[in-house]
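Contents: one structure, followed by commentary.
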There are 2 protein chains.
Amino acid sequence: MTHYKSEQEFLSSYSIHDFDVPLVSVDMSIFSIIDDELQVLLVKRADYPEKGKWALPGGFIDLKQDSTLDDTAQRKLRDKTGVDTPYLEQVGTVGAMNRDPRGWSVTVAYMALIAADSVVLSKDSSSEDVKWVPVFQLAKLDKLAFDHNQIFEMCHERLKSKVQYTSLPVNLLSEEFTLTELQSTFEIILDTSVEKKSFRRRVLDADILEETGNMKTGSNRPAKLYRAKEQGKDHLFPRSIEGPR
Amino acid sequence: MTHYKSEQEFLSSYSIHDFDVPLVSVDMSIFSIIDDELQVLLVKRADYPEKGKWALPGGFIDLKQDSTLDDTAQRKLRDKTGVDTPYLEQVGTVGAMNRDPRGWSVTVAYMALIAADSVVLSKDSSSEDVKWVPVFQLAKLDKLAFDHNQIFEMCHERLKSKVQYTSLPVNLLSEEFTLTELQSTFEIILDTSVEKKSFRRRVLDADILEETGNMKTGSNRPAKLYRAKEQGKDHLFPRSIEGPR
DNA sequence: TCAATAGTGTCTTTCAGACACTATAAA
DNA sequence: TTTATAGTGTCTGAAAGACACTATTGA
């Protein structure tokens, strides 16, 4: 890909306006729990437009390579993180005349949940840098490229809302985990405390976990290790987690 | 728009493949309750591809006229039904190499809920006929154009699922309605009976309705008429409607 | 034995289902 | 007075919160 000297130069050579078709891309919020915080993966843009700004990873559909939209998302995720079989969910689509200087553009937002320990970060040609950013810092610090702050917010809202009534967070943990670790990821995402007994009743009664037979030891009572019965699926609870009264 | 003699002729003149950009369209499931049944609006395609087949109303983004995707959906809805301020929700986006013979194509699915009495059906140039079809008949009878059966199913699932824990169905009724009428629309969509007392408690406690002061009379005890406090919004209940035990 | 975390017993609270009951209109 | 529908009283049951309790390890 050619590198242009200025956004001006870049735009003047861009001719998508000539065809009555919008641009289409995929952008994703890749979430993970790192250092007991919910973090999201950002890339620094290597090209115009918005060169040098931090952005959600994403890009255009490869009409030859991708046979579905989900393939595009999967490919983008693999390129940045090396992770291949994550939890991947389409969140929504934003399209507008003026969200991209190249013209009418549509982007399909995805969110991915991955276990931090399974990741090997890597840059590709479209990004000069990659980093994890704690979600609570994002609102204050970074003004992302395009409307990515808004797209990220959609994904974050979806995540928080689904955590209230599904077992989604199992996808943020490595294969084996304790109930306390699982509870902790719920608490981190919901940013509230969850009552231990209710939590265990809820999760165990749902019959979505199975004991691995292993224990996690430390300088205290060992904890049973569990694994999700159906990888990648999320159970729907009949009622929401309500939090403290 | 030119009318072609065959799909072959049409396709050979189509050149979107030359640009590495997919087609983008909006398709919508417009729901209404008519004759005590949940029905969806279909149009008969006037042009290739899939000429003559029934399809969900939709079409391409008008890059000049529409400034957002929601505008496109709103415009399509207005064209077919004359309705201007409905409940409109984006359901999801499907994109694939082979879902449209013209090439890689992406469609954003919307669902709209409207009160039947507010509709004036009208055809536009892209459709030669328009009709309401009961949802339960659709599965059996019609093989729709493209992957519209699948897109419709996405919308129908979303509708049924949201009805379980939100007040969405108020958007299917005209401005004033009785609690019994509201209960009935829940029952029609969920295809199950709902217990009267629980239903009224739930709805009334949620404080989302207000009495209009009017009564609906008949040859029996008159019923209070209500109106949604916030038009177009849907309340989230803490628990789902569970249906009979 | 103590500190620390895992895991349980059990009471209360909230809200949905069941179902019998009362209320109010027209014919 | 009957019929039809609107609307209520109140019991039961399921699942969440509160919180004190016991259990099991290493140091």
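Since this is a predicted model, take the numbers as computed values, not measurements. Here is how names work: the chains are called A, B, and so on, in the same order as the sequence lines, proteins then strands, and each is numbered from 1. In what follows, every heavy atom counts, from backbone to side chain, and hydrogens, waters and symmetry copies are set aside.
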Revision key, fill the gap. Here the pair of heavy atoms bringing A:F146 nearest to A:R99 is CD2-O, 3.6 Å
**Study point:** Inter-end axis angle, the helix from C:dT1-D:dA27 to C:dA27-D:dT1, with every axis fitted to five base pairs (rounded, 10 degrees)
**Key:** 10°
Point to revise | A:V194 versus A:Q183, closest heavy-atom pair with distance | key: O-NE2, 2.9 Å
Practice item. Specify the separation, in whole Å, of atom CG of B:L204 and atom P of C:dA16. Key: 12 Å
Point to revise | Heavy-atom closest contact (A:L144 atom, A:N149 atom, distance) | key: N-ND2, 2.8 Å
Practice item. Flag yes if more than 12 heavy atoms outside B:K233 fall under 6.0 Å of its NZ atom; otherwise flag no. Key: no
Exercise for review: Starting at atom NZ of A:K216, determine the distance to atom C1' of C:dA6, rounded to an integer number of angstrom.
Suggested key: 12 Å
**Study point:** Within 6.0 angstrom of B:K216 NZ, more than 12 heavy atoms from elsewhere
**Key:** no
**Study point:** Base-contact (B) and sugar-phosphate-only (S) positions in nucleotides 17-27 of chain C, heavy-atom cut-off under 4.0 Å, - elsewhere
**Key:** BBB---BBBS-
Revision key, fill the gap. Residues passing the salt bridge (Lys or Arg N to Asp or Glu O under 4.0 Å) test with A:E89, sequence neighbours excluded, are A:R158, A:K162
Exercise for review: List in chain and number order the residues that pass ring-ring contact (aromatic ring centres under 6.0 Å, His included) with B:F237, two or more places apart in sequence or in another chain; answer none if no residue qualifies.
Suggested key: B:H235
Review point. Just wondering, are more than 12 heavy atoms of other shown residues or ligands nearer than 6.0 Å to NZ in B:K53?
Key: yes
Review point. B:Y226 has an atom OH; how far is it from atom C1' of D:dA6, in whole Å?
Key: 10 Å
Exercise for review: Apply the side chain to side chain donor-acceptor pair (under 3.5 Å) test between B:R227 and each candidate in B:E210, B:E176, B:E211; give the one that qualifies.
Suggested key: B:E210
Check your understanding: Once the angle between the rings of A:F199 and A:F186 is folded into 0 to 90°, is it parallel (under 30°), tilted (30 to 60°) or perpendicular (over 60°)?
Key -> perpendicular
Practice item. Would you tell me if any nitrogen or oxygen in the side chain of B:R200 comes within less than 4.0 Å of OP1 or OP2 on D:dG7? Key: yes
**Study point:** Spacing of A:L225 atom CG relative to C:dT5 atom C1', expressed in whole Å
**Key:** 14 Å
Point to revise | Interface residues of residues 164-184 of chain A with DNA chain D (non-hydrogen, below 4.0 angstrom) | key: none
**Study point:** Set of residues satisfying salt bridge (Lys or Arg N to Asp or Glu O under 4.0 Å) with respect to A:E242, sequence neighbours excluded
**Key:** A:R239, A:R245
